[in-house]
Amino acid sequence: MAAKRIGFVQRRKAAGFTQESLAEFLGVERSTVGRWEGAETEPQAHIRPKLACALKVSAEELQSLLDDITITDTNPSDRMTYALENPTSADLVVVAYLHERLRQLDESYDQESSTSLLGTAGQLHGQVRYLRENAGNPRVRHALYEVEADSATFMGQLTWDVSQRRDHAASLAYFGEAVTAARHARDPSTESYATLRMSFVALYGQKNAAQGVTFAEQAAEVAKVVSPSLTGLSLLHIAEGHAMTGALKECEDALKKAEAQFDRVHPDDLAAPHYTVNEYNRLAGSCYLALDLPERAEPILRMPSRALVAKKKSQAIALGNLTLSLIRQGKLDEAGATMHRTLMPSS
């Protein structure tokens with residue numbers, strides 16, 4: 001597989017060096033710099049202070065540049081095969097390959113069935129766990145924990161989908177694994193998201209509103225220091241849990257707190273693309289539907305039902321809830337038309 005340290009290359013160029021001039025400054029061969037940039041090797045310890053000085057970065061920033069590897073060819077290679085046969089040899093390039101494969105699968109979630117993704121995702125998750133359990137390098141093991149946290153979260157999501165939201169135990173086990181891995185990786189965002197997924201199982205699968213609120217509260221607490229978007233999503237599910245028990249005031253208090261998170265979102269908030277006005281409206285509408293206030297739910301649900309075209313699964317949920325709100329108001333003809341759109345969401 002081909003790989004590249006793109007951030008390292010950009011930093012070298014920004015510092016005014018070509019490969020040749022940097023090699024000359026450091027007293028190494030140009031090919032040595034090329035191997036660093038191709039993620040084939042790393043600079044030896046004795047040369048790192050001079051390299052950091054040349055690139056105008058700290059030692060910690062240099063390490064981050066070296067750890068940031070982008071896979072440019074995702075076809076499996078002898079390197080991956082060798083790593084699986086000799087797991088203590090796994091390096092950051094192998095980790096980057098696994099991360100890229102997981103990213104591709106995750107991007108397919110809204111376009112492909114969970115059943116079609118489960119086998120490949122399960123195989124990938126098994127490889128990640130196996131390599132993490134046997135990793136000899138602490139940096140590699142830490143990086144594998146990061147991938148495992150994301151992979152376990154994805155597996156919990158797929159498993160629950162494929163079981164038609166009936167296999168709560170398997171899904172919760174995966175999400176629990178994700179929380180543990182995220183804590184090892186010191187990744188509060190992923191820990192929060194996996195905990196939030198546990199609240200989904202409690203709310204929508206087990207129909208346990210109190211447990212769902214507890215998980216969502218835990219997710220919000222973990223997220224508050226790193227991600228207003230995840231905090232907002234967690235608050236929305238706290239609101240939904242209260243709605244399920246008929247607690248209007250507590251529900252609307254949580255909705256107000258969730259809405260306030262939009263003003264706190266910052267460029268480094270990785271979850272920002274997932275916390276949109278459309279997602280807010282979809283869940284707020286669901287809350288009012290659960291509170292048996294269909295006349296308040298309907299206008300809110302109309303907005304995401306039109307806007308979530310690219311997210312077919314979310315759009316189908318919004319359309320289904322809109323249909324229910326219309327039925328409960330006696331608007332049967334309009335409910336029928338909306339039901340058709342639910343069954344054919346691309347229309």
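Throughout, numbering of the chain's residues begins at 1 and tracks the sequence. Quick note: numbers below take in every heavy atom, side chains included, and nothing from hydrogens, waters or symmetry partners.
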Over 12 non-hydrogen atoms of neighbours within 6.0 angstrom of CG in L248:
yes
Using the ring-ring contact (aromatic ring centres under 6.0 Å, His included) rule, collect all pairs that involve residues 122-143, keeping only residues at least two apart or in two chains.
H125-Y174
Linking Ile, Leu, Val, Met, Phe, Trp and Tyr through side-chain heavy atoms less than 4.5 Å apart, which residues share a cluster with V225?
V226
Side chain to side chain contact (heavy atoms under 4.5 Å, CB included) filter on T88, not counting sequence neighbours, yields none
Could you grab the distance from atom CG of L291 to atom CE of M244, nearest 0.5 Å is fine?
10.5 Å
Go through the side-chain N and O atoms of S116 and S113 and say whether any donor and acceptor fall under 3.5 Å apart.
yes
Taking only residues two or more places apart in sequence or in another chain, which ones pass side-chain hydrogen bond (donor to acceptor under 3.5 Å, both in side chains) with E221?
K224
Applied to residues 233-253, the ring-ring contact (aromatic ring centres under 6.0 Å, His included) test, sequence neighbours excluded, yields F200-H237
Taking only residues two or more places apart in sequence or in another chain, which ones pass side-chain hydrogen bond (donor to acceptor under 3.5 Å, both in side chains) with R48?
E42, Q63
Applying side-chain hydrogen bond (donor to acceptor under 3.5 Å, both in side chains), which residue pairs with at least one partner in residues 22-31 are found, sequence neighbours left out?
Q19-R30
Under the side-chain hydrogen bond (donor to acceptor under 3.5 Å, both in side chains) rule, collect the residues that match up with R12, sequence neighbours excluded.
E37
Using distance alone, with no hydrogens and no angle criterion, decide if T195 and S192 have a side-chain donor and acceptor under 3.5 Å apart.
no
Residues in salt bridge (Lys or Arg N to Asp or Glu O under 4.0 Å) contact with R11, at least two apart in sequence or another chain:
none
Please give the remaining members of the hydrophobic cluster of L289, linking ILVMFWY side chains under 4.5 Å, ordered by chain and number.
L324
Centroid separation Y280 to Y275 less than 6.0 Å
no
When rounded to the nearest 0.5 Å, the distance separating CG of L131 from CG of N86 is 10.5 Å
Please, which pairs that meet ring-ring contact (aromatic ring centres under 6.0 Å, His included) have at least one residue in residues 35-59, sequence neighbours excluded?
none
Whichever hydrophobic residues join V213 through chains of side-chain contacts under 4.5 Å:
L235, I238
Between Q104, R103, Q111, which is the residue that forms a side chain to side chain donor-acceptor pair (under 3.5 Å) with E107?
R103
